[in-house]
Amino acid sequence: MKYVSTRGKSEAVGFAEAFAHGLAPDGGLYVPESLPSIPADLLLEETPMPYPALAWDFFNLFDTDHDSDELIALIDESYGSFAETMTAPLQQIAENLFILELFHGPTLAFKDFGLQLIGNLFEHQIRATGETINVLGATSGDTGSAAIHGLANKEGVNVFILYPKGRISPLQERQMTCTAAKNIFPIPIEGSFDDAQRIVKELMGDLEVKKKLRLSAINSINLARILAQSIYYVHAYMQLPPENRNDVHFAVPTGNFGNVLAGWMAYKMGLPVEKFVVATNRNDILHRLFTTGEYESGDVHPSMAPSMDIQIASNFERFLYYHCGEDGKKTASQMAKIAKSGKLKLPNFDPDIFTATRCDDDDILANIQRVKEEYSYVVDPHTACAFQEIDPDRTTVVLATASPAKFPNVIKKAIGETPTDPLLEVLKKRRQKRYPLEPDAEAVREFIEKHSA
Ligand SMILES: *Cc1c(COP(=O)(O)O)cnc(C)c1O
């Protein structure tokens with residue numbers, strides 16, 4: 001299987017290369033040259049396969065670079081650390097209503113599904129090439145901790161994660177700073193997430209620096225991350241009772257459009273789905289897109305679901321590519337329009353099987369209360385967004401993207417309870433290790449050079 005750029009101007013590459021580069025040289029995102037079909041017999045299974053077995057069947061369709069034994073080892077190691085035997089268990093909370101729990105990984109959020117695998121792919125790449133790497137990223141919380149837990153104590157890689165000092169939750173900070181791993185460097189800086197991101201972009205954008213420091217990125221556009229996430233949609237389907245398999249709606253809390261895109265790709269590969277509900281918080285760029293056909297980014301407003309406080313949906317480009325009939329030239333010209341004017345009106349917009357909802361902070365609190373009252377289930381503030389509008393006559397699978405224990409203050413405000421998790425309690429007793437730096441690319445560059453892998 002080869003991978004091509006959404007902007008059509010880069011050479012097709014294999015899986016390992018698409019993975020290692022993240023972004024294609026023409027600035028586009030990698031997509032499979034053609035989408036394979038999910039083997040039909042998988043979808044007829046009445047009992048779900050073990051998650052690693054399914055993941056292996058699925059990745060076999062895409063990753064033709066690693067041999068079978070390598071791939072099995074990578075997958076087993078990635079999902080072996082999950083606390084639940086089902087890895088992504090499906091809980092039924094009403095006749096037509098199910099919750100797919102994606103928070104049983106080491107950082108209690110769904111990003112572990114992509115980043116555990118990415119960590120092992122990096123490790124494998126380092127072994128194969130003999131070249132050490134330095135991973136650099138910026139985070140507003142969950143991505144950084146998931147990346148750190150995917151790469152902690154791995155040979156040949158050091159990890160530098162910038163985050164805005166005082167602007168991520170204390171628990172999220174502890175998840176990054178309390179690993180006790182020698183290769184992890186959490187870097188608080190004064191300023192906002194955008195300031196952190198700007199420094200990362202500046203260093204990654206300087207090809208000389210990037211090469212000299214052997215920098216690699218962990219970001220939401222890496223195709224391996226998306227594909228890893230497609231798998232749990234299939235796994236959810238396999239856990240549904242047969243009578244619930246004909247009218248499935250997936251309700252997905254969304255920021256960067258990564259998670260829901262992963263589901264849509266599974267649908268394009270043959271997974272029977274009736275609708276995807278794109279659930280946003282008050283940062284509603286995707287809600288506006290799917291209700292009006294217009295994509296326009298605005299200012300970011302902080303919300304109670306902070307991992308969705310995003311106004312540029314990085315993975316939108318992949319959707320656009322398919323929307324343009326897999327035409328790289330057309331996609332590139334539409335992306336150029338966005339770069340120039342910050343917006344794009346899609347002509348004859350067809351939302352395909354997407355619908356969208358929007359949720360402000362009051363709705364988030366109300367949804368947490370309602371779900372607790374009606375179903376005796378506690379959802380985190382991101383998952384709460386997906387409960388905004390549910391069609392009672394259809395089968396709905398809500399994706400629970402984080403554990404409520406990660407957001408004790410919001411849950412307390414909503415229902416007066418403080419959820420906990422032993423993984424987080426342990427962190428509270430550990431010493432934090434932080435490397436504060438000036439919000440300045442040169443200072444970060446010097447630091448990486450000094451602590452390079
Ligand atoms: C990152 C994140 C999201 C948003 O996911 P996207 O793939 O960016 O759409 C939702 N919920 C939680 C808890 C997250 O960490």
Side-chain angles (χ1 to χ4, degrees), residues 29 88 99-116 118 137-150 163 168-169 171-172 175-176 193 197 218-230 232-233 250-265 276-287 289-290 297 300 303-319 354 356-359 364 367-368 379-388 398-407 410-411 419 421:
L29 311 187
I99 297 194
L100 182 65
E101 293 181 345
L102 299 174
F103 51 73
H104 296 291
T107 70
L108 311 181
F110 82 93
K111 290 190 173 74
D112 288 327
F113 280 86
L115 288 163
Q116 282 291 312
I118 287 216
T139 188
S140 52
D142 285 339
T143 307
S145 51
I148 282 172
H149 285 259
Y163 63 93
I168 68 172
S169 85
L171 279 176
Q172 282 177 324
Q175 286 188 310
M176 295 198 280
F193 168 69
Q197 182 73 4
I218 39 110
N219 43 31
S220 63
I221 50 143
N222 200 302
L223 184 71
R225 230 175 121 172
I226 303 291
L227 295 178
Q229 292 174 200
S230 297
Y232 51 66
Y233 286 86
F250 281 105
V252 190
T254 303
N256 255 317
F257 200 57
N259 201 1
V260 67
L261 178 87
W264 187 62
M265 286 179 68
F276 286 102
V277 184
V278 174
T280 73
N281 63 17
R282 57 189 292 213
N283 297 290
D284 59 357
I285 178 167
L286 290 167
H287 176 252
L289 169 72
F290 285 109
S297 60
V300 176
S303 82
M304 286 179 175
S307 300
M308 289 153 53
D309 291 347
I310 286 166
Q311 282 284 6
I312 303 168
S314 332
N315 271 296
F316 169 66
E317 181 163 345
R318 289 196 170 103
F319 173 74
F354 291 104
T357 62
R358 176 192 191 280
C359 211
I364 289 177
N367 290 351
I368 295 171
V379 287
D380 97 287
H382 302 81
T383 308
C385 295
F387 277 91
Q388 188 63 12
V398 170
L399 271 63
T401 51
S403 158
K406 288 189 89 168
F407 305 93
V410 178
I411 306 297
D421 188 286

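Whatever order the structure lists them in is the order used to number ligands and atoms, beginning at 1. The first residue of the sequence shown is numbered 1, and numbering continues consecutively from there. Just so it is clear, the values below take in all heavy atoms, side chains as well, and ignore hydrogens, waters and symmetry mates.
In the vicinity of Asp142, heavy-atom distances shorter than 4.0 Å reach the ligand 1 atoms 13 (C), 14 (C), 15 (O). Counting atoms of ligand 1 from 1 in the listed order, those under 4.0 Å from a heavy atom of Ala402 are 13 (C). Atoms of ligand 1 lying under 4.0 Å from at least one heavy atom of Phe257, given by number and element, are 9 (O). Taking every heavy atom of Thr401 and a limit of under 4.0 angstrom, the matching atoms of ligand 1 come to 10 (C), 11 (N), 12 (C), 13 (C). Each of the following atoms of ligand 1 lies closer than 4.0 Å to a heavy atom of Met308: 3 (C), 4 (C), 10 (C). The distance from ligand 1 to the heavy atoms of Gly258 drops below 4.0 Å at these ligand atoms: 6 (P), 7 (O), 9 (O).
Remark: distances from the non-hydrogen atoms of Phe103 to ligand 1 are all 4.0 Å or more.
Of the protein's heavy atoms, Asn259 N, 3.0 Å lies nearest to atom 7 (O) of ligand 1. The protein heavy-atom contact nearest to atom 5 (O) of ligand 1 is Phe110 CZ, 3.4 Å. Counting only heavy atoms of the protein, atom 1 (C) of ligand 1 lies nearest to Lys111 NZ, 1.4 Å.
No side-chain donor from either of Asp421 and Ser403 sits under 3.5 Å from a side-chain acceptor of the other. With hydrogens and angles left out, the side-chain atoms of Asn222 and Arg225 include no donor and acceptor closer than 3.5 Å.
Between Asp309 and Arg282 there is no salt bridge, since no side-chain N of the basic residue sits under 4.0 Å from a carboxylate O of the acidic one.
Side-chain atoms of Ser169 come within 3.5 Å of backbone atoms of Gln172 as a donor-acceptor pair (strictly under, hydrogens ignored). Checking side-chain atoms of Thr254 against main-chain N and O of Val260 turns up no donor-acceptor pair under 3.5 Å.
Proximity of the aromatic rings of Phe354 and Trp264 is defined here by a centroid distance below 6.0 angstrom, and this criterion is met. If you look at Phe103 and Phe113, their ring centroids are not closer than 6.0 Å. Tyr232 and Phe250 have their aromatic ring centers separated by at least 6.0 angstrom.
Considering backbone and side-chain atoms alike, Thr254 places every N or O at 3.5 Å or more from each N or O of ligand 1. In terms of N/O distances under 3.5 Å, ligand 1 is not approached by His382. Remark: ligand 1 and Gly255 share an N or O pair separated by less than 3.5 Å (distance only, no angle test). At under 3.5 Å, a nitrogen or oxygen of Asn256, whether backbone or side chain, sits near a nitrogen or oxygen of ligand 1. Residue Asp380 has no N or O atom closer than 3.5 Å to an N or O atom of ligand 1.
A pairwise comparison of heavy atoms in Ala279 and Cys385 identifies CB-O, 3.7 Å as the closest pair.
Just one of Thr401, Asn281, Ile364 meets the side chain to side chain contact (heavy atoms under 4.5 Å, CB included) condition when paired with Pro381; it is Ile364.
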